[in-house]
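Structure, as structure tokens:
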Amino acid sequence: MAMSGVHLLFLVIFIPASVASRRNLRLSPADVVVPDAEAADTPTTYFEVDRPLRPPIGSSGPCSTLLMSHSFGFTYTKPPVTAAYSPPDCLVAAGGGASAISLAVLEWRATCRGVQFDRIFGVWLAGAELLRSCTAEPRPNGIVWSISKDVTRYASLLAAGNSTLAVYLGNLVNDQYTGVYHANITLHLYLRPTQPRQPAPATAPADMIVPVSRSLPLNDGLWFQIQNAADVESASITLPPNAYRAVLEVYVSFHGQDEFWYTNTPDGNGPFREVTVLVDGDLVGAVWPFPVIFTGGINPLLWRPITGIGSFNLPTYDIELTPFLGKMLDGKAHELGFAVTNAVDVWYVDGNLHLWLDPSTGGTATTASLVSYDAPPLAANTTSQFDGPNGQYYTTASRRISATGWVESSSHGRITTNATQTFTFENTNTFTGDGTTETVNQTTVIYTAVSATDLAVGAVLYSQQAHQNFPLYMDTEEKQQTSHNANLSYTVARGYHETVVAAGEWLSGPHHRSLRNTQSGAVDFETRDGKEVAASWGTRQTYIREATDGCYFRNVTSSGYGISSDESNEVCSSLPATATGASTAQLFKN
Ligand SMILES: *[C@@H]1O[C@H](CO)[C@@H](O)[C@H](O)[C@H]1NC(C)=O
Ligand SMILES: *[C@@H]1O[C@H](CO)[C@@H](O)[C@H](O)[C@H]1NC(C)=O
Ligand SMILES: *[C@@H]1O[C@H](CO)[C@@H](O)[C@H](O)[C@H]1NC(C)=O
Ligand SMILES: *[C@@H]1O[C@H](CO)[C@@H](O)[C@H](O)[C@H]1NC(C)=O
Ligand SMILES: *[C@@H]1O[C@H](CO)[C@@H](O)[C@H](O)[C@H]1NC(C)=O
Ligand SMILES: *[C@@H]1O[C@H](CO)[C@@H](O)[C@H](O)[C@H]1NC(C)=O
Ligand SMILES: *[C@@H]1O[C@H](CO)[C@@H](O)[C@H](O)[C@H]1NC(C)=O
């Protein structure tokens, strides 16, 4: 999808039973024909389960501004679509400051009809990415979907002067792939009744955001394209002299040969991937990504109407770079780069560097130094055990990156920041039934901790610990009759789980949030002459969020294109966070 103008023939290709190799997990939407035989006469609504965004109590708004309205037809290899951005009148009337914004929501709403691939797209403001997303695959009679993303952290860009909004959505339209994506992008702003005289240091949205991406003009997205494991893509960045905190937010998506990296066998560099972040060539942090499955992935029906976790609103990953400010605050340009361990063509990666600046008059220069740094090499291992076509690959990996550094500013004195990332990864890829069944069971566990301390007075200004856990289970069974006729059953179960606690003098009080977002689905289908001719499918998703800033519970089940049960509320009840195992998917068989 998206990465190439020329789509290979996405027929189901059957693997010779003697080789444990990657399966083709992409069908052309033109070959998913049957379920639309009884197509609806009205557009179908697709959705990603997410919490509704609520402004803080006392906020006014929303004031809504249509930023762009565009039909994405044949846009592949064309420049991104752009629109002039200027801060909305309501924000200007409120004094114009970023701190007037209590909640900013970016809404993408789109329709499409006909036949079309899922297309990856990005939305950038002043070169900084605001949204990475994947379109929904249409039906002949049309679909509609929308995404609402909290973009409050980009308040400084929204309030800054005039700039350019750019959207790249590389689409191809021809006789077979007829779908044109009609999209509106709207900004909804909620404002505070009174602006704080001084925003909370380091924990309010950043004072400045520096894009770590490619610059216009381009006939592509502003993301870097990383095509292999040796590829390093970077931007040259000069920091303002008065920065005292730096956090790099990373956007990442994977396509082409690495779209299903977690199923890769050794001939495709195995299933382990990480994005590494480099400052002047030195490792400063890493991203072990959540395995987002796009709307055309595995089997497109699995994502209709409930789309995969993160597919409409891809997760981003924050890396605390404050300990490394000592390397970067010399007024000189530094290379901020990305690489992808084991990459196969292609990864789209870019970032936003969020910077907090010393508010003292004249912006006095800060000084900084790295105190300690420890990043042992990646530990990774794959073992394989096969008896003919049956057997398994077992891959493990782990990494730790830890750094401490201080920054001294005239407003805040000397602050010592300690940042640690710890990762573990385990993947089992099992082939049974003489290669007819493949099961992938993977877990990524991530722990990150940041603490900012004023050692002179022993005060913790800000500390945060986050635990994330991304389990993935995927089972594919392919019963072949002839080379192009088969019965296939696919099951996918996964979760995006995280717990975050934060405290310290710079916060108004302790914060915590926990999310258990679990999705499992299954599809049974039959192909004849390479086309899908019969199918049944269903998905269940439970989303349980408990947090100091609001709770949300949703439990929704789909069967075919219909919703068979749907329950939601915003009550903070301490619901037991039940782990939903892969076995749930069995409920949807038949
Ligand atoms: C976009 O906005 C225009 C003007 O308000 C409206 O006519 C159109 O239906 C909208 N399209 C979508 C996809 O919401
Ligand atoms: C910003 O854009 C608005 C709307 O296009 C325009 O009226 C205004 O003059 C611009 N301001 C600056 C400083 O360029
Ligand atoms: C990889 O794992 C195998 C089996 O557990 C072990 O024998 C081998 O020493 C490991 N290799 C490395 C480099 O850790
Ligand atoms: C930084 O954090 C690590 C891990 O939590 C801890 O072992 C270390 O003592 C901390 N260092 C400082 C200087 O606080
Ligand atoms: C997946 O692997 C984990 C261990 O990594 C194990 O606890 C779990 O039971 C496995 N799940 C399935 C469905 O096999
Ligand atoms: C595929 O399933 C159909 C019923 O849905 C059955 O008639 C046919 O025998 C099956 N073929 C194989 C190869 O299992
Ligand atoms: C979700 O809904 C299904 C069907 O109504 C029900 O069986 C299941 O227990 C519910 N799960 C939770 C966590 O409420």
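Only a predicted model underlies this, so the values are computations on that prediction, with no experimental measurement involved. Whatever order the structure lists them in is the order used to number ligands and atoms, beginning at 1.
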Close N or O approach (E426, ligand 5; < 3.5 Å): yes

Is there a polar contact, in the sense of an N or O pair closer than 3.5 Å, between N441 and ligand 5? yes

Contact bool for atom 4 (C) of ligand 1 (protein heavy atom, d < 4.0 Å): no

Looking at atom 11 (N) of ligand 1, would you say a protein heavy atom lies below 4.0 Å from it? yes

Please tell me whether [X] and [Y] form a close aromatic pair, meaning their ring centres lie under 6.0 Å apart.
X	Y	value
F272	W288	yes
W537	Y561	yes
H188	Y190	no

Once rounded to the nearest 0.5 Å, what's the spacing between atom CG of D118 and atom CH2 of W303? 11.5 Å

Ring-plane angle category for F525 and Y490, please: parallel below 30°, perpendicular beyond 60°, tilted otherwise. perpendicular

Considering [options] one by one, which has a heavy atom nearer to [atom] than any of the others?
atom	options	result
atom 2 (O) of ligand 7	I544, N555, T518, D566	N555
atom 7 (O) of ligand 7	R554, Q541, R516, R540	R540
atom 8 (C) of ligand 1	V144, N184, L66, T111	N184

Give the atoms of ligand 5, by number and element, whose distance to some non-hydrogen atom of Y473 is under 4.0 Å. 13 (C)

Indicate, as side chain, backbone, both or neither, the part of H182 found under 4.0 angstrom from ligand 1 when only non-hydrogen atoms are considered. backbone

Counting heavy atoms under 4.0 Å, the part of E567 that contacts ligand 7 is neither

Below a 4.0 angstrom heavy-atom separation, can you tell me which part of Y543, side chain or backbone, both or neither, approaches ligand 7? neither

Residue set satisfying ring pair (Phe, Tyr, Trp, His ring centres under 6.0 Å) with F470, at least two apart, ordered chain then number -> F290, Y496

Atoms in ligand 7 with a heavy atom of F553 nearer than 4.0 Å: 14 (O)

Atom 14 (O) of ligand 1: the protein heavy-atom neighbour that sits closest, reported with distance to 0.1 Å: R109 NE, 3.1 Å

Smallest separation among heavy atoms of T557 and I306, with atom names: C-CD1, 4.4 Å

Closest non-hydrogen atoms of E48 and I309, given as atom of the first, atom of the second and distance, are OE2-C, 3.8 Å

Does the side chain of Y177 pick up a donor-acceptor pair with the side chain of S28 at under 3.5 Å? yes

